[in-house]
Amino acid sequence: MPGCPALSMCRGLATLPITCLERAKDLKTRLGILLHKSELGHRIGTSSKLQLCSRRRDSSQEVLEWRESFDQLLKSKNGVTAFHTFLKTEFSEENLDFWLACEDFKKTRSKTKLASKANRIFEEFVQNEAPREVNIDHETREITRKNLSGATSACFNEAQAKTRTLMEKDSYPRFLKSASYQDMTKQATSRGTSKLSHT
């Protein structure tokens with residue numbers, strides 16, 4: 001219907017970024033909870049506080065687990081994000097981006113997509129003078145180049161392993177000593193101790 005305000009509003013919503021729409025939904029949910037809280041009283045308030053506490057405990061535990069091993073860090077979505085932010089400060093985020101691209105590449109099932117993705121990853125990260133060239137030796141670079149001729153999900157395995165080792169031995173220990181991670185662990189530890197003092 002021309003001139004229908006609801007229709008123009010829907011069109012307007014379609015142009016908004018997804019993150020804005022998700023925030024709006026989140027806000028709507030929170031407002032709904034607040035309204036219900038005032039109607040239903042103390043019981044809902046208590047249960048939502050318990051949920052919040054358990055979420056905080058989970059994230060605090062997760063932050064502390066990142067120092068156990070590099071694998072623990074890579075298993076955690078938040079850990080990867082925090083590590084990526086740190087690597088940006090050192091201008092070496094291409095190593096993690098390459099590792100993540102390889103992980104995604106391994107999930108590709110289509111043969112045609114496999115070949116085109118392999119070439120794109122090679123051109124972006126592996127070949128000499130690549131825009132985001134990773135630090136690997138000449139031999140590994142050549143092995144990877146040869147693997148492209150019959151691209152399989154394993155064609156970047158050697159290059160990915162070398163990059164992972166480099167991050168684990170070099171960037172990861174610096175990340176653990178960084179001010180940003182130290183702050184996160186302090187917050188996580190203080191949350192844990194304040195939780196204990198309340199029980």
- Is it the case that one hydrophobic cluster holds both L96 and V126, taking links as side-chain heavy atoms less than 4.5 Å apart, direct or via other members? no

- Message: Check this for me, if you would: do D71 and R164 make a salt bridge, where the nitrogen-to-carboxylate-oxygen distance has to be below 4.0 angstrom?
- Response: yes

- Task: Could you tell me whether E124 and R132 make a salt bridge, using a distance below 4.0 angstrom between a side-chain N and a carboxylate O?
- Result: yes

- Q127 and E133: side-chain donor and acceptor closer than 3.5 Å? no

- Would you give the length of the straight line joining atom CZ of F175 to atom CG of D170, rounded to the nearest 0.5 angstrom? 14.5 Å

- Query: Looking at R67, E62, E68, which hits side chain to side chain contact (heavy atoms under 4.5 Å, CB included) with L64?
  - Reply: R67

- Strictly under 6.0 Å, is that where the ring centroids of F86 and Y172 end up? no

Quiz: residues 148-159 side-chain donor-acceptor pairs under 3.5 angstrom, not counting sequence neighbours:
residue	atom	partner	partner atom	Å
S149	OG	K146	O	2.7
T152	OG1	A154	N	3.2

- Query: Where the side chain of S76 meets the backbone of Q72, is there a donor-acceptor pair that is under 3.5 Å apart?
  - Reply: no

- Note on the structure: What one should report as the nearest heavy-atom pair of E168 and P173 is O-CD, 3.2 Å

- Message: Do E94 and L87 have side chains that approach each other closer than 4.5 Å (heavy atoms only, starting at C-beta)?
- Response: no

- For a salt bridge (Lys or Arg N to Asp or Glu O under 4.0 Å) with D104, tell me which candidate from K117, R120, K113 qualifies. K117

- Message: Side chains of W99 and V134, heavy atoms from C-beta outward: is any pair under 4.5 Å?
- Response: no

- Consider only side-chain heavy atoms of I, L, V, M, F, W and Y, link residues closer than 4.5 Å, and tell whether L100 and M167 are in one cluster. yes

- Between the side chains of D137 and T140, does any donor sit under 3.5 Å from an acceptor? yes

- Mind checking whether L73 and V80 have side chains closer than 4.5 Å, heavy atoms only? no

- Task: Kindly indicate whether the side chain of W66, heavy atoms from C-beta on, has any atom under 4.5 Å from the side chain of M184.
- Result: yes

- Note on the structure: Smallest heavy-atom separation, N135 atom then N95 atom, equals N-OD1, 4.0 Å

- E123 versus A130, closest heavy-atom pair with distance: O-CB, 3.3 Å

- Check A101 against F125 and note the closest heavy-atom contact, atom names and distance. CB-CE1, 4.2 Å

- Message: With ring-ring contact (aromatic ring centres under 6.0 Å, His included) as the criterion, how do F83 and F70 come out once you've worked through the C-alpha distance, each side chain's angles and the decisive distance to 0.1 Å?
- Response: CA-CA 10 Å; F83 188 50; F70 190 48; 5.7 Å; yes

- From CZ (F122) to CZ (F105), nearest 0.5 Å: 12.5 Å

- L176 reachable from L74 in the ILVMFWY side-chain graph, under 4.5 Å edges: yes

- Any sub-3.5 Å donor-acceptor pair from Y181's side-chain atoms to R174's backbone N or O? no

- Query: Side-chain donor-acceptor pair under 3.5 Å between D97 and H84, yes or no?
  - Reply: yes

